[in-house]
Amino acid sequence: MKRREFSRSAAAAGAFVALSGAAVTPAWAQGPSVKPKAGSDYLQLDKRVATEAPAGKIEVIEFFWYNCPHCSAFEPRFENWKKSAPPEVMVRRVPVSFRDDFLPQQKLYYTLEALGQTDALHGKVFQAIHTERVPLNKDDQIVAWAVKQGLDKDKFVEAYNSFGVATNARRATQLQDAYKVGGVPALGIAGRYYVDGTLAGSMERALQVTEYLLADLRKGS
């Protein structure tokens with residue numbers, strides 16, 4: 001879902017979703033001898049972005065937004081990819097904020113992370129929004145949903161309003177800007193590369209581009 005679409009009406013956004021579903025096969029996918037090209041299949045950042053990966057690890061970031069239908073559809077595939085990633089790859093998720101009203105869902109993600117509930121509830125947030133049609137755009141809606149998941153209300157609210165969660169949300173926005181994220185879902189690799197479904201043709205191919213770049217990085221390119 002492209003960044004510019006977030007300011008349009010729901011109807012216009014829905015039309016975009018329908019149009020963006022068509023996958024275009026990039027040239028590199030036509031055969032093993034054709035490599036993905038910087039500038040067309042992925043972007044090489046002009047300025048490297050600092051990563052959180054320790055020595056010997058390569059960071060891969062998934063940029064997402066809970067309300068994005070493409071992110072919801074991509075989530076199971078990315079989770080499977082994450083589980084099968086090589087041991088030297090460190091995967092983390094970063095919730096974007098293209099508008100001020102994205103902040104509550106940024107805080108939701110980092111609250112789940114602070115409480116050690118990401119594995120249990122991250123996927124359920126997508127399910128609540130896109131399958132159960134539960135609105136989770138405001139603080140009170142999010143707190144009520146968290147309580148229904150069995151979380152202690154006081155502990156959740158304390159974490160949700162904490163300095164640590166606010167700091168993580170601010171850093172997430174800075175990171176999306178550093179990577180020049182143009183839409184979600186999207187992937188950032190090693191603080192050096194950026195790829196999304198528009199560049200690669202689909203998010204499945206974006207993962208393939210990511211694997212190609214990781215292979216190069218592991219060889220020391």
task: List the atom of T111, the atom of K107, and the distance in Å for their closest heavy-atom pair.
output: OG1-O, 2.7 Å
query: Which class fits the ring pair W81 and F78: parallel under 30°, tilted 30 to 60°, perpendicular over 60°?
result: parallel
message: Could you check whether any side-chain heavy atom of D196 comes within less than 4.5 Å of a side-chain heavy atom of Y194, counting everything from C-beta outward?
response: yes
message: Would you say the ring centers of F64 and H70 fall short of 6.0 Å from each other?
response: no
query: Is there a side-chain contact between F156 and V147 (heavy atoms, below 4.5 Å)?
result: no
message: Less than 4.0 angstrom from a charged side-chain N to a carboxylate O is my criterion; do K138 and D140 meet it?
response: no
message: Side chains of R170 and Q106, heavy atoms from C-beta outward: is any pair under 4.5 Å?
response: no
field: Presence of salt bridge, K57 and E88, under 4.0 angstrom
entry: no
- request: Look only at the side chain of Q141 and the backbone of N137, and say whether a donor-acceptor pair between them is shorter than 3.5 Å.
  value: yes
query: Are V195 and D41 close enough that some pair of their side-chain heavy atoms sits under 4.5 Å apart?
result: no
- prompt: Looking at side-chain heavy atoms only, is the closest gap between F102 and N67 below 4.5 Å?
  reply: no
query: Y42 vs Y193 aromatic rings, parallel, tilted or perpendicular, using cut-offs 30° and 60°?
result: perpendicular
- request: With the side chain counted from C-beta on, respond yes when R192 and L45 share a heavy-atom pair under 4.5 Å apart, and no when they do not.
  value: no
Main-chain N/O of Y66 paired with H130 side-chain donor or acceptor, under 3.5 Å: yes
query: With hydrophobic residues grouped by side-chain heavy-atom distances under 4.5 Å, do L43 and V49 end up in a single group?
result: yes
query: Heavy-atom count around Q149 CD within 6.0 Å, excluding the residue itself: above 12?
result: yes
message: Is there a continuous path of hydrophobic side-chain contacts, each under 4.5 Å between heavy atoms, that joins M90 to F63?
response: no
- prompt: If every non-hydrogen atom of C68 is compared with every non-hydrogen atom of P185, which pair is closest and at what distance?
  reply: SG-CD, 4.4 Å
message: Taking the basic N atoms (NZ, or NE/NH1/NH2) and the acidic carboxylate oxygens, is any pair closer than 4.0 Å for E52 and R171?
response: no
